[in-house]
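Just so it is clear: chains get the letters A, B, ... in the order the sequence lines come, proteins before strands, and each one is counted from 1. All figures in this text were calculated on a predicted structure; none of them were measured in a lab.
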Amino acid sequence: MKTNTGRFFEDYFIGQVIDHACPRTIGAGERALYHALYPSRHALYSSDAFAQSCGLQFSPIDDLIVFHVVFGKSVPDISINAVANLGYAEARWLEPVYPGDTLSSRSTVVGVKQNSSGKTGVVWVRTEGFNQEEKMVISFIRWVMVRKKDPLETSTETVVPILKDIVSAADLTVPINLNFDSYSTVLSGSSYKISDYKVGEIIDHADGTTITESEHMMATRLWQNTAKVHFDSTLRPDGKRLIYGGHIISMARALSFNGLENMQMIAAINAGAHVNPCFADDTIYAWSEVLDLAETAKPSIGAIRLRLVATKGQAGLLHDKNGKYNSAVLLDLDYWAFAPS
Amino acid sequence: MKTNTGRFFEDYFIGQVIDHACPRTIGAGERALYHALYPSRHALYSSDAFAQSCGLQFSPIDDLIVFHVVFGKSVPDISINAVANLGYAEARWLEPVYPGDTLSSRSTVVGVKQNSSGKTGVVWVRTEGFNQEEKMVISFIRWVMVRKKDPLETSTETVVPILKDIVSAADLTVPINLNFDSYSTVLSGSSYKISDYKVGEIIDHADGTTITESEHMMATRLWQNTAKVHFDSTLRPDGKRLIYGGHIISMARALSFNGLENMQMIAAINAGAHVNPCFADDTIYAWSEVLDLAETAKPSIGAIRLRLVATKGQAGLLHDKNGKYNSAVLLDLDYWAFAPS
Amino acid sequence: MKTNTGRFFEDYFIGQVIDHACPRTIGAGERALYHALYPSRHALYSSDAFAQSCGLQFSPIDDLIVFHVVFGKSVPDISINAVANLGYAEARWLEPVYPGDTLSSRSTVVGVKQNSSGKTGVVWVRTEGFNQEEKMVISFIRWVMVRKKDPLETSTETVVPILKDIVSAADLTVPINLNFDSYSTVLSGSSYKISDYKVGEIIDHADGTTITESEHMMATRLWQNTAKVHFDSTLRPDGKRLIYGGHIISMARALSFNGLENMQMIAAINAGAHVNPCFADDTIYAWSEVLDLAETAKPSIGAIRLRLVATKGQAGLLHDKNGKYNSAVLLDLDYWAFAPS
């Protein structure tokens, strides 16, 4: 069998390093498609001239493109047989990516634990993305539930990694030349800087987008993510294609522009959960909550920690009376962004 | 409230200058997407080699991309609360835009008039687009009907600007290096030059395109146009998304290649009306009428004034017996183009 | 009538040379769209760094983009009145195409034969694509059934060209600087080189993709292919848009990555048949059969001849008991690829 059928739970072991295939050069085309697929409007990712006014050479490739591409390369090796994507932690952006850069991706197994059913296990990996100069541009941990080949054989190795609940503000990496000294809030679209936000503040992003099959499939393919459920309508009894969770992250982040116009750069993802599945014809809305504010080493640049929630239809309460997520909630993402202080 | 809810009629005053947010670098990606979204085939916008044979450095960015991007930036400030886009006038293209150029957009209020209902008013703005060298690349007037915040308060200021019915041929700007001295009608796709067209001549463009939700949303997002009705299927009782009028302009212009192959460059829009709304699954056809012919300062380049009409389904008569537009008419656009004389 | 209505059977004669309109510059945008429309993952077309490790300047434009663009330009002159695309032969790729290259297209009529009905005839053309330096980058023969203008007039000229059943391995053109001396099978995604495949071996590519209207229309427009049936849902009684056969070729080739990861470069198409029509909502799968293996002048590069079959729904038998294609078969393509030996 030359067709790749992917790894099963038994195929993973602590310390295993997997270099993922298909390095990918990212350029002006991916950037334009991102703007066609999401209502993305942060000025730093829209205009070379604006990026140059912030000390960068060019407008960098959107941070979530970098995440999706590095994640996508890991899918055939990590999650092609996954039953579920369980979570993210300790995602940090380390270096801006520019048009023409080539990204490659590598994962190291940092946790394994068989489930009590014997049919599946949980695998934790640290995935790292590199540019063509071997500089690490992103690093994140994710964990997935993977099928076992043989339910009768029991795995003895159990390692559950200790993960940071949040990336501390001190561990965020401000790009070396970035500064917001001569930042234009006219061009960015809002006068609200970090100092105008308060912890606990909720921002309703107001706009909604109805999802289509073509768009989510084009996005998912663009990141060379090969998980079958996103593309093949015959795999589910209801004939629906399950939408890649990253499509919802990007859609929610883009919708959040309205109210968070100056939260330019994603610095870290602390945690993320795809709470409910999303399908074509669902209409997505988003709201944010300010979780924390912090300084960086550069006086003009602050950090803001945000909860970004995406919902199907207009948002109601996040949780039901039993403390569980309401069925309309799609995404609960906890991240840090850089913004003018 | 940090979310932008847009301006209402009372927020506009004569002479008000609004610098729009989100400058945008346009490149090879937007160009490719334009070719994927519209059956665009004019050789000057398809081939660097052809553009160089016409004296330009590279194939410029399509004139309507420039229009859509500059227009799109104005939406959050001008028309997010608009009840209707009422018209365009005096649109002039002043400078070609090339891949890598960054566009920004500014509007000046040139007219305000409260409607008799007291609930809405009409606002006229002159919107200007600039490249990264602050050169003006496009200028146009549009007017919209905007909601009032308070129907009981009456606005006293009324200014209705005097608009030119048509941009005169003498006011068209031929790009400085453009010439059609060694223009190849083999490569352009037709031997019919300006001298082969007669005023009053009608050209049926024959081809039709059925519209999809994904394509019109991708196009509209690509221009960072944020008007909600284009994206959110829950806003109308019939569950339909209203298609951005500019999508129909681009579709009709691209369809008009068949019969107007040499009408390379849009020089001006004299007037434009979105006569009826368009929705996904409508099939769009187009026809043109030659309205005028003119010389330019360059002997090899002529100007042709065209009426471009887009219809749902095959075109019948433009007007009904009462002189009103037939319900199948979507667009009635009056524009000037440059072509080999 | 200035609208192009295309040529009819009587308009073709042996030796006729037709230079097609609309030269086209291909760049980073087309490349990104190709990755969004197809699950394409061959490393040589994904990464500049990988391509450089194989001796090329940059990652070349996908071979099938070159085919589609050169083919698309021929549509208005050759097949706009075609009843059917009957076949391909002797397609050879002669020179890699890089972002920024401009492609033009020319066809020479090499065969004409009236059908016995008198209503149609078959036309064979050799179509050649050139870059901006007038180097030939691709050459192929295709034949189509075209309507006659006048069924009563009989054409006397009959020439049926003698076509090669297959392009011989000795006639394949290895790009001048290409070498697989330091080829990384980790980055390519599979350790199986040409020496690991056997003639007669069947590879099931496992993954399926459900087709959408937007995606096939965007792809077909991107190649400036203007055949009406792909875009206008009113042309068929069932309201369906017929999907461009090339969309299925690209989809099947991209799906074939899973199991043929190292078959990087298409060198030739020996034969191809679009066996049954494809419509939106069909789910496409693919399988391949190894037909031949050959050496090239470069020891690190081998050639592999493959049959690529695309099916609607999971593949059953290729032929029914009468030796006819089963109704689920969409494409039967016979091609050569270059791969590490």
Side-chain angles (χ1 to χ4, degrees), chain A residues 27-43 46-53 58-59 99 184-192 196-197 201 203-218 254 257-261 280-281 283-285 287 313-314, chain B residues 1-6 18-34 36-37 69 72-73 76-77 80 99-106 131-134 212-228 230-235 239-241 280:
Chain A
E30 284 76 11
R31 178 191 164 115
L33 269 159
Y34 199 80
H35 279 95
L37 292 165
Y38 307 106
S40 188
R41 289 191 288 147
H42 288 95
S46 182
S47 161
D48 282 345
F50 191 92
Q52 283 151 7
S53 80
F58 295 104
S59 176
S184 163
T185 55
V186 170
L187 295 182
S188 74
S190 167
S191 60
Y192 299 115
D196 299 305
Y197 290 84
E201 186 174 352
I203 300 118
D204 177 356
H205 302 304
D207 304 320
T209 296
T210 307
I211 303 275
T212 70
E213 297 285 13
S214 315
E215 287 167 308
H216 81 77
M217 291 202 296
M218 288 182 70
F257 177 85
N258 195 351
L260 293 173
E261 290 84 346
D281 298 332
T283 301
I284 311 304
Y285 299 83
W287 56 267
Q314 300 278 7
Chain B
M1 270 293 288
K2 294 197 170 71
T3 307
N4 175 29
T5 51
I18 304 170
D19 283 300
H20 305 303
C22 297
R24 174 77 174 280
T25 304
I26 304 294
E30 285 76 11
R31 179 190 163 116
L33 268 159
Y34 199 80
L37 292 165
V69 167
K73 311 229 145 304
D77 293 316
I80 201 86
D101 283 358
T102 299
L103 298 180
S104 60
S105 180
R106 175 191 300 155
N131 67 16
Q132 68 280 5
E133 294 166 2
E134 301 295 329
T212 71
E213 297 284 14
S214 315
E215 287 166 309
H216 80 77
M217 291 201 297
M218 288 182 71
T220 309
R221 266 191 223 109
L222 193 56
W223 323 131
Q224 298 181 312
N225 179 332
T226 59
K228 299 181 189 196
H230 307 319
F231 301 107
D232 184 337
S233 69
T234 70
L235 294 182
K240 291 180 172 182
R241 277 157 270 186

Check: Is there side-chain contact between B:T3 and A:I203, with at least one heavy-atom pair below 4.5 Å?
Finding: yes
Next item on the list: Hey, could you give me the CG/CE distance between A:D204 and B:M1, rounded to the nearest 0.5 Å?
Entry: 6.5 Å
Note to self: Do B:S233 and A:T283 have side chains that approach each other closer than 4.5 Å (heavy atoms only, starting at C-beta)?
What the structure shows: yes
Notebook entry, point to check: Considering all heavy atoms of both residues, which atom of B:D232 and which atom of A:G208 are nearest to each other, and what is their separation?
Noted result: CB-O, 3.6 Å
Next item on the list: Select one option (side chain, backbone, both, neither) describing which atoms of B:P76 are under 4.5 Å from chain A's heavy atoms.
Entry: side chain
Notebook entry, point to check: Are B:R221 and A:E215 close enough, and set up right, to give a side chain to side chain contact (heavy atoms under 4.5 Å, CB included), and what steps lead you there?
Noted result: CA-CA 12 Å; B:R221 266 191 223 109; A:E215 287 167 308; 2.6 Å; yes
Note to self: Taking every non-hydrogen pair under 4.5 Å, which of B:G100, B:C22, B:P23 racks up the most with chain A?
What the structure shows: B:P23
Item checked: Least distance between heavy atoms, A:G189 atom then B:A21 atom -> CA-CB, 3.2 Å
Checklist line | B:M217 to A:T210 - nearest heavy-atom pair and separation | finding: CE-O, 3.4 Å
Notebook entry, point to check: Which bit of B:H20 is near chain A, if near means a heavy-atom gap under 4.5 Å: side chain, backbone, both or neither?
Noted result: backbone
Next item on the list: Without swapping roles, check the side chain of B:N4 against the backbone of A:N258 for a donor-acceptor pair under 3.5 Å.
Entry: no
Checklist line | Heavy-atom proximity to chain B below 4.5 Å, by part of A:E213 | finding: neither
Notebook entry, point to check: Which bit of A:Y34 comes within less than 4.5 Å of chain B, counting heavy atoms only: side chain, backbone, both or neither?
Noted result: neither
Item checked: side chain to side chain contact (heavy atoms under 4.5 Å, CB included) between A:L33 and B:L33, worked out -> CA-CA 8 Å; A:L33 269 159; B:L33 268 159; 4.0 Å; yes
Notebook entry, point to check: Of the backbone (N, CA, C, O) and the side chain (C-beta and beyond), which part of A:S191 lies under 4.5 Å from a heavy atom of chain B, both, or neither?
Noted result: neither
List, one per line, each side-chain donor-acceptor pair under 3.5 Å for residues 25-32 of chain B, sequence neighbours excluded.
residue: B:T25; atom: OG1; partner: A:D48; partner atom: N; Å: 2.6
residue: B:T25; atom: OG1; partner: B:T102; partner atom: OG1; Å: 2.8
residue: B:E30; atom: OE1; partner: B:G27; partner atom: N; Å: 2.8
residue: B:E30; atom: OE2; partner: B:R24; partner atom: NH2; Å: 3.1
residue: B:R31; atom: NH1; partner: B:S59; partner atom: O; Å: 3.3
residue: B:R31; atom: NH1; partner: B:S59; partner atom: OG; Å: 3.0
residue: B:R31; atom: NH2; partner: B:S46; partner atom: O; Å: 3.2
residue: B:R31; atom: NH2; partner: B:S59; partner atom: OG; Å: 3.4

Item checked: A:H205: partners by side-chain hydrogen bond (donor to acceptor under 3.5 Å, both in side chains), with sequence neighbours left out -> A:S288
Check: Atom OG in B:S105, atom CG in A:L187: separation rounded to 0.5 Å?
Finding: 11.0 Å
